[in-house]
Every structure is written in C-alpha cells, then in structure tokens.
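Heavy atoms only: backbone and side chains are in, while hydrogens, waters and symmetry mates are out. Chain letters run A, B, ... following the sequence lines, proteins first, then strands; residues in each count from 1. Quick caveat, the model's predicted, so the values are computed rather than measured.
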Amino acid sequence: MENENTSAPLSAELLEQVKLLKRGAQSVVPDNGLEQKLARSASTGKPLKIKLGLDPTAPDIHLGFAVVLRKLRQFQDLGHQVIIIIGDYTALIGDPSGRSATRPMLSAEAVHANAMTYVDQLARILDRDKTVVRFNGEWLGKLDFAQLVQLSSKFTVARIMEREDFANRFSQHLPISLHELLYPLAQAYDSVAIEADVEMGGLDQTFNILAGRDLQEKEGQDPQIALFMPLLVGLDGVKKMSKSLGNYVGIAESPDVMFGKLLSISDTIMRDYFVLCTDVSLEEIDKLIKQAESGEVNPKDVKRRLAREIIDIYHPPFTAEDGSLVSLSARADEEWHRVHAAGQAPADMPETVLSDDLFADDTIWICKLLVAAGMAKSNGEAMRLVQQGGVSLNGDKVTDSKANVSRTIVDNAVLKVGARRFARLILAS
RNA sequence: GGGGAGAUACCCGAGUGGCCAAAGGGGACUGACUGUAAAUCAGUUGUGUAACACUUCAGAGGUUCGAAUCCUCUUCUCCCCA
C-alpha cells in the first residue's frame, strides 16, 4: 500500500540475491527494506554495512549461532562489509554486582581475551579478510554523563518495558537492575556509531535492533534494516540451542560427535535444520521431508543426510596424499553404524589412565573405576548405574555393584555407560 | 524514608518443632520399546562399599532432649505506601 513511491523494479540479479538472503529468515523490517538497500548499494557501488553485535562472555559457537554467521557470510560473498561489534564495554558495565574496584580491570582483559578467541572461531565461517571487528568501548567509553542522559532521554520507560524479557521479569516480580535498561540504548548507539545498513540477529534481539532503527532516525541517519533469523531449536526439539542448556552442536566438535548428536534430533525439527544449517536447495529439502513423512524413506536416513551435509560444512572433504577424496562425514557415518548397529566399540574414545594407588590386591571396585573414568560423580551414582544395568566392561554387562575387577581385566578394557558413553582404560606404568 | 512478604536440592515449588535426606512437578540419568527420533512405560536423582552413619533448607550465632521450621544479627530479593 505504502510502496507506491519505491524505486524501480529490481534487476534479475538483485532478485536472486534477495531470495538467497531471505532464505530461512524469520522476518525483515521493514518488509521491502532489504530490496531498497541492495538497490541503492548496486547503484552507488557502496557496499552495505552489515552489523552483528556479540557479547564477549561466551566464546563458543554452535549451530544455532552459526545460522546468523552463515547469513553474514552470504552478504560477504555478495560484496558487502560485515562489521562485528564486540560488546566489551557493555559487558564491562554489565556485571550486576561488581564488588571490588579492581575487578573491572581484570575482566577488561578477560573480555579482550574472550573476544580474540571469538574472532578465531568466527573465521571458520566468515571471510576473515572481509570482516571488520570493532569494540564498542571505542565510542561508548567516550560518552560522558551528560551525553548518556541525552541519549536516554530519547527512550521512554514504557517503551523500554515493552521488551519481552523485561516485561516478563517485571510481571513475575523478578529483579531488573537499572543498568540492564541501558543495554538496548547502548546497542542502538552502536548502530549509529558505525552507520549500519543492516543489523542481523536472532528474534530475541528484536527490541534492541528496532531501537537501533529509532535512534538512527533521530540522529538523521537512514535507519538500518533488521534481518531476523529464527532461533535454532536445540537437540531436545523444544528450547533454543544454547551451550548452557547442553542441547547444542558446536561447530568445532568432531565429525563423530556431530553425527551422533544430529541423529538424535526430533523428526519434527529436521526441516528447520536443513533450511538453516545447510545449503541444500529448498526444493530438495521439501522433497526429502515429504519422503520421510510418507514413510517412503526411513526418516533416519534423511537425518543421516542432514548430518552429513552439516559435517561437510565444518569438516570439508579433502584430497589425501594419494589423490583420493576423504570425506570425514562418510567416516563418521560408517563409524556410527559400526558402533551402534554392529555394537562394536568406537575407534576413538577418551582414555583414562589408572594409577596404581587405585588398586588394592590388584583389584579395583567397579564403582571406583567409574568415578575414576569420570563417568559418575560419586560412588553412589556409580552404584546406581550398575544396579540399573547401564554399565558394561569389554562388552559384558556388570550386574553386581560390589564387584571388584582384577587388574588384568581392566588393562586396555573398554568401559561403557549407558548407550553412548565409552572410555578406554589404561594402566599407569 | 515507612510498612509488609520472602530466600528450600540442577530449576520451579510444598513443608511452620520430632513421622524430613525433605511432598509434587520439570529437567537429567538408567532400563524397556525403537530409527541413539518423538511419544509411552518402569526405575534412579545429597555423601559414604550403605536397612547404618554423616553433611544439607541464604550466612553467622542462639533457644531446645531435638530446628528447614522458634529467636537475634547479617546479606540479598519482591510488594505496598511516600
């Protein structure tokens, strides 16, 4: 309706770009903003500035986070500029209970160290040469109190309290510290500082990104486009993927681990994973999902395909010295079947070295063994595991929680707990 | 500034002198069924080689034969009023 005075129709090439960039996106605000920005960039020859803000407190990258990064990579491949903003300053002032005066200084360094490992990990997905990294302390640190007051006068309390998590916490009588209200302002100010054209984020960033648009407009800038990617659901199929919930696949994890984790996701979220985590075409994805749903193909095999597609991205196939192509995803697939279909021990498993003092009369109590191997937190937990039939040694189920195992049996043995936890036991010598 | 409520195990949450190692849910783990899916069912979920003992209910003291429960102080949170 209100598009009557928008620019001329886009070229076929730009339409193609828009289609690619919108793949998997949850929403773009405003609707046709991306088209306009791209068209302007094409006509002026100026690359767009694509902003992503990062909190430097948790330097681990998993598939959920990779969704956004992969989208950034697409922008890079189309010639645009990606600006990663490390929220060093927001993280510094963010600690709700900074007790001593020395602590902020320490964490300043920790923040910086975290940020650097972050950048290293980002390079796994982004084109490092086309990525600009900036710390928001660069401009936030220069604001004096008067400027902060000025900045905060541009937002009302009611407006800030619209943010979902604030509203929720408020209605549940949970504490909200005053400084937390400044977060959206700080993030919005970041957009002004770098004159962002597009800000990427998960849907949980809605408020902050839109605040950026407001502020840019008030500062006389062309407001940034908000490009929201959905939050990838975690392995449990319910909550968002996050490390703290333990329902994640890290992009630096081994092919074997990735394969196992991906094969354990719910059928219902396979499609999302295909769309957001792989480059398989949407047409083919629809076909695969349809086949799985109709029973034409075992859903498990579709999931295998998914796992292999994802593994190929983070552990790409390479050419060996003899000229043959080595596919790590294929290896992981084979390994999985060897272990879980054929019931054999995995080729690689964590090793536990057992020191002499664990043994008495050349035997060791099974529960002690489990604790030593890190497979149980306490003897009590170990006993329960044994009693529940979850423990086996060299393929033989251990049924007696009081059993003592002789040294010779333990040497080089495979200890298994539950369906998927293995350890190789090695005697110290 | 004044008044009131609260802090319980991974999380939520019952418990207001002994029957409390602490209900119920969620989560997690183990087993069965499977496709290491989901759903479902059963069991486990403070520590100790364990029908006994030990350490836990924000922190520190106290009352009592006996405290998560009562008292005092401290820390933190929420609500109402100003």
Side-chain angles (χ1 to χ4, degrees), chain A residues 95-99 166 168-178 180 233-240 242-249 256-274 288-289 291-308 332-346 349 358-361 363-392 397-405 415-422:
Chain A
D95 193 332
S97 55
R99 286 166 229 168
F166 287 152
N168 285 344
R169 280 199 279 163
F170 191 71
S171 69
Q172 287 171 35
H173 306 320
L174 294 171
I176 300 173
S177 299
L178 193 55
E180 293 182 79
V233 178
L235 299 175
D236 55 8
V238 181
K239 301 191 188 107
K240 74 165 187 176
S242 84
K243 187 162 190 184
S244 55
L245 291 172
N247 60 355
Y248 71 101
V249 179
D256 288 337
V257 170
M258 281 188 176
F259 194 89
K261 285 187 176 181
L262 288 167
L263 218 61
S264 77
I265 64 170
S266 305
D267 291 2
T268 49
I269 58 175
M270 272 198 292
R271 186 170 201 285
D272 285 346
Y273 273 56
F274 264 115
L288 287 167
I289 297 300
Q291 286 174 330
E293 280 172 354
S294 69
E296 190 181 335
V297 174
N298 187 335
K300 182 187 146 201
D301 290 323
V302 176
K303 218 177 280 175
R304 272 172 77 187
R305 167 77 188 278
L306 172 67
R308 291 190 53 170
D333 195 342
E334 283 163 26
E335 171 74 357
W336 184 88
H337 278 83
R338 210 170 61 73
V339 173
H340 297 286
Q344 297 172 35
M349 58 188 118
L358 288 169
F359 291 87
D361 293 335
T363 66
I364 182 170
W365 180 34
I366 182 69
C367 293
K368 212 167 170 183
L369 198 56
L370 286 162
V371 172
M375 296 170 117
K377 287 202 241 5
S378 63
N379 290 349
E381 183 180 319
M383 286 174 80
R384 281 178 235 126
L385 286 169
V386 172
Q387 282 157 11
Q388 289 173 139
V391 176
S392 69
K397 186 174 279 193
V398 180
T399 49
D400 179 7
S401 62
K402 296 197 171 175
N404 288 297
V405 188
L415 183 64
K416 182 187 179 196
V417 173
R420 58 195 84 167
R421 289 153 69 204
F422 293 87

Please state how far atom [atom1] in [X] lies from atom [atom2] in [N], giving the value in whole angstrom units.
{"X": "A/Leu370", "N": "B/G48", "atom1": "CG", "atom2": "P", "result": "12 Å"}
{"X": "A/Leu178", "N": "B/C78", "atom1": "CG", "atom2": "P", "result": "12 Å"}
{"X": "A/Lys303", "N": "B/G35", "atom1": "NZ", "atom2": "C1'", "result": "7 Å"}
{"X": "A/Ile265", "N": "B/G35", "atom1": "CD1", "atom2": "P", "result": "17 Å"}
{"X": "A/Leu306", "N": "B/A37", "atom1": "CG", "atom2": "P", "result": "16 Å"}
{"X": "A/Gln387", "N": "B/G43", "atom1": "CD", "atom2": "C1'", "result": "11 Å"}
{"X": "A/Lys402", "N": "B/A51", "atom1": "NZ", "atom2": "C1'", "result": "11 Å"}
{"X": "A/Met383", "N": "B/U47", "atom1": "CE", "atom2": "P", "result": "12 Å"}

Heavy-atom count around A/Asp400 CG within 6.0 Å, excluding the residue itself: above 12?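 More than 12 heavy atoms, drawn from other residues, nucleotides or ligands, come within 6.0 Å of this atom.
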
Taking [X] for the side chain and [Y] for the main chain, is one N or O donor matched with an acceptor at less than 3.5 Å?
{"X": "A/Arg308", "Y": "A/Asp333", "result": "no"}
{"X": "A/Tyr248", "Y": "A/Lys240", "result": "no"}
{"X": "A/Lys303", "Y": "A/Ile265", "result": "yes"}

Residue closer to the 5' end of RNA chain B, A/Leu263 versus A/Phe170 (nearest nucleotide):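 Mapping each residue to its closest nucleotide by heavy atoms, the 5'-most match is A/Leu263.
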
Integer angstrom distance from the [atom1] of [N] to that of [M]:
{"N": "B/C80", "M": "B/C41", "atom1": "C1'", "answer": "49 Å"}
{"N": "B/U44", "M": "B/G35", "atom1": "C1'", "answer": "26 Å"}
{"N": "B/G6", "M": "B/U16", "atom1": "C1'", "answer": "14 Å"}
{"N": "B/A14", "M": "B/A22", "atom1": "C1'", "answer": "10 Å"}
{"N": "B/G43", "M": "B/U75", "atom1": "P", "answer": "47 Å"}
{"N": "B/U45", "M": "B/U56", "atom1": "C1'", "answer": "16 Å"}
{"N": "B/A21", "M": "B/A51", "atom1": "C1'", "answer": "15 Å"}
{"N": "B/C78", "M": "B/U72", "atom1": "P", "answer": "24 Å"}

Contacts of A/His337 that satisfy ring pair (Phe, Tyr, Trp, His ring centres under 6.0 Å) - sequence neighbours left out: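 Residues passing ring pair (Phe, Tyr, Trp, His ring centres under 6.0 Å) with A/His337: none at all.
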
With a 3.5 Å limit on both atom pairs, tell me what [N] is paired to, counting Watson-Crick and G-U wobble, or say none.
{"N": "B/G35", "answer": "none"}
{"N": "B/U56", "answer": "none"}
{"N": "B/A7", "answer": "B/U75"}
{"N": "B/U49", "answer": "none"}

Can you tell which of B/A50, B/U49, B/A37 lies closest to the side chain of A/Ser266?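 In terms of side-chain proximity for A/Ser266, the closest of B/A50, B/U49, B/A37 is B/A37.
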
Side chain of A/Ser378: nearest nucleotide among B/U77, B/U47, B/G35?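 For the A/Ser378 side chain, the nearest candidate turns out to be B/U47.
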
What is the nucleic acid contact for [X], judged by heavy atoms within less than 4.0 Å: base, sugar-phosphate only, or nothing?
{"X": "A/Pro299", "result": "base"}
{"X": "A/Asp400", "result": "nothing"}
{"X": "A/Met270", "result": "nothing"}
{"X": "A/Lys368", "result": "nothing"}

Just label B/A9 as syn or anti from its O4'-C1'-N9-C4 or O4'-C1'-N1-C2 angle, using within 90° of 0 for syn.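 Anti, which is what one calls it when the glycosidic angle falls more than 90° from 0.
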
Has A/Asn379 got a side-chain N or O lying under 4.0 Å from the OP1 or OP2 atom of B/U49?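 A/Asn379 to B/U49 OP1/OP2: side-chain N or O found under 4.0 Å.
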
The single option from A/Glu335, A/Arg420, A/His340 passing side-chain contact (heavy atoms from CB on, under 4.5 Å) against A/Pro346: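 Considering A/Glu335, A/Arg420, A/His340, a side-chain contact (heavy atoms from CB on, under 4.5 Å) with A/Pro346 is found only for A/Glu335.
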
Taking atom types as they are modelled, is there a donor-acceptor pair under 3.5 Å from the base of B/G35 to the side chain of A/Asp267?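 It does, because a donor-acceptor pair links the side chain of A/Asp267 to the base of B/G35 below 3.5 Å.
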
Would you say that A/Val391 contacts A/Leu415 through its side chain, given a criterion of any heavy-atom pair below 4.5 Å between the two side chains?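 A side-chain contact exists here, since the closest heavy-atom pair is under 4.5 Å.
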
Identify all pairs in which a protein N or O lies below 3.5 Å from an N or O of nucleotides 22-32 of chain B, and state each distance.
{"unit_1": "B/U30", "atom_1": "O2'", "unit_2": "A/Gln388", "atom_2": "O", "d": "2.9"}

Mind listing the side-chain donor-acceptor pairs of residues 294-301 of chain A below 3.5 Å, one per line with the distance, residues two or more places apart or on another chain?
{"unit_1": "A/Ser294", "atom_1": "OG", "unit_2": "A/Lys290", "atom_2": "O", "d": "3.3"}
{"unit_1": "A/Ser294", "atom_1": "OG", "unit_2": "A/Gln291", "atom_2": "O", "d": "3.2"}
{"unit_1": "A/Ser294", "atom_1": "OG", "unit_2": "A/Glu296", "atom_2": "N", "d": "3.3"}
{"unit_1": "A/Asn298", "atom_1": "OD1", "unit_2": "A/Lys300", "atom_2": "N", "d": "2.9"}
{"unit_1": "A/Asp301", "atom_1": "OD1", "unit_2": "A/Arg304", "atom_2": "NH1", "d": "3.2"}

NZ/NE/NH1/NH2 to OD/OE distance under 4.0 Å, A/Arg384 and A/Glu381: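 Salt bridge between A/Arg384 and A/Glu381, a charged N being under 4.0 Å from a carboxylate O: no.
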
